[in-house]
Amino acid sequence: MAKKSDGEVQAEINALTELLSQLPQRAQQAVEAAIDVLRDDLSNDAIHEKFEEGTEEFEDALTACMWRNGVAGSDALSAWYRELM
């Protein structure tokens, strides 16, 4: 699958930002990590440097990176978070 376009990434950042206030604090931190990855176009190496391995933030940052690169499928990250609510 192809890497997401700038428009798709920006739409997902907007959708995730809207969800933040509706999520518990712990989930907010994980969503913020995903937003950081999308906004700053962080690489796998940058994620490993920025987030502690084994944390929700790390896992969600990697998921956001994979989504952006087209590896994690076409479903929006925000749709996955909405299912958790």
Side-chain angles (χ1 to χ4, degrees):
M1 184 165 264
K3 185 173 180 173
K4 303 297 183 196
S5 70
D6 290 344
E8 289 172 307
V9 170
Q10 188 57 54
E12 192 59 20
I13 290 169
N14 295 343
L16 291 171
T17 301
E18 287 178 23
L19 284 175
L20 278 176
S21 65
Q22 301 171 37
L23 297 169
Q25 180 63 33
R26 185 75 180 134
Q28 286 180 15
Q29 293 170 330
V31 170
E32 287 171 352
I35 291 170
D36 286 349
V37 168
L38 297 177
R39 183 188 59 233
D40 299 336
D41 197 23
L42 297 179
S43 66
N44 276 339
D45 289 341
I47 291 167
H48 281 87
E49 290 176 17
K50 183 171 182 165
F51 302 101
E52 183 179 342
E53 203 166 332
T55 63
E56 286 184 45
E57 291 85 359
F58 178 81
E59 295 300 324
D60 286 18
L62 282 179
T63 300
C65 184
M66 290 188 304
W67 175 84
R68 183 193 62 221
N69 292 330
V71 175
S74 60
D75 289 343
L77 296 170
S78 55
W80 182 74
Y81 286 111
R82 282 188 191 100
E83 288 178 13
L84 295 176
M85 292 173 41

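This one's a predicted model, so the numbers in the text were calculated from it and none came from an experiment. Residues take their numbers from the sequence shown, with the count starting at 1.
Summarising the geometry of Leu38 relative to Glu12, their closest heavy-atom pair is CD1-CG, 4.0 Å, with the distance given to 0.1 Å. Residues Asp60 and Ala34 come closest through the heavy atom pair O-CB, 4.0 Å. Taking every heavy atom of both residues into account, Glu57 and Ala33 meet most closely at O-CB, 3.5 Å. The two atoms that bring Cys65 and Asn44 nearest to each other are SG-OD1, 3.5 Å, heavy atoms only. Scanning both residues, Ala30 and Glu56, for their nearest heavy atoms gives CB-O, 4.0 Å.
Separating the CD atom in Gln10 from the NZ atom in Lys4 is a distance of 15.5 Å, to the nearest 0.5 Å. Within the model, atoms CG of Asp41 and CG of Asp36 stand 12.5 Å from one another, a figure rounded to the nearest 0.5 Å. To the nearest 0.5 Å, atoms CD1 (Ile13) and CZ (Arg68) are separated by 10.0 Å. For the atom pair OG1 (Thr17) and CD (Glu32), the distance works out to 9.0 Å, reported to the nearest 0.5 Å. Within the model, atoms CD of Glu49 and OG of Ser43 stand 7.5 Å from one another, a figure rounded to the nearest 0.5 Å. Once rounded to the nearest 0.5 Å, the distance linking CG of Leu20 with CD of Gln25 reads 9.5 Å.
Annotation: Asp6, atom CG; neighbour count of heavy atoms from other residues, nucleotides and ligands within 6.0 Å does not exceed 12.
Side chains of Glu18 and Asn14: no donor on one and acceptor on the other come within 3.5 Å.
Linking ILVMFWY residues whenever their side-chain heavy atoms come closer than 4.5 Å, directly or via other members, leaves Leu42 and Met66 in distinct clusters. Clustering ILVMFWY residues whenever any of their side-chain heavy atoms sit less than 4.5 angstrom apart, transitively, puts Val31 in the very cluster that holds Leu19. One hydrophobic cluster, built from ILVMFWY side chains closer than 4.5 Å, cannot hold both Ile47 and Trp67; they sit in different ones. Two different hydrophobic clusters hold Val37 and Val9 under the rule that ILVMFWY side chains link at heavy-atom gaps under 4.5 Å.
In this structure, the side chains of His48 and Phe58 come closer than 4.5 Å at one or more pairs of heavy atoms.
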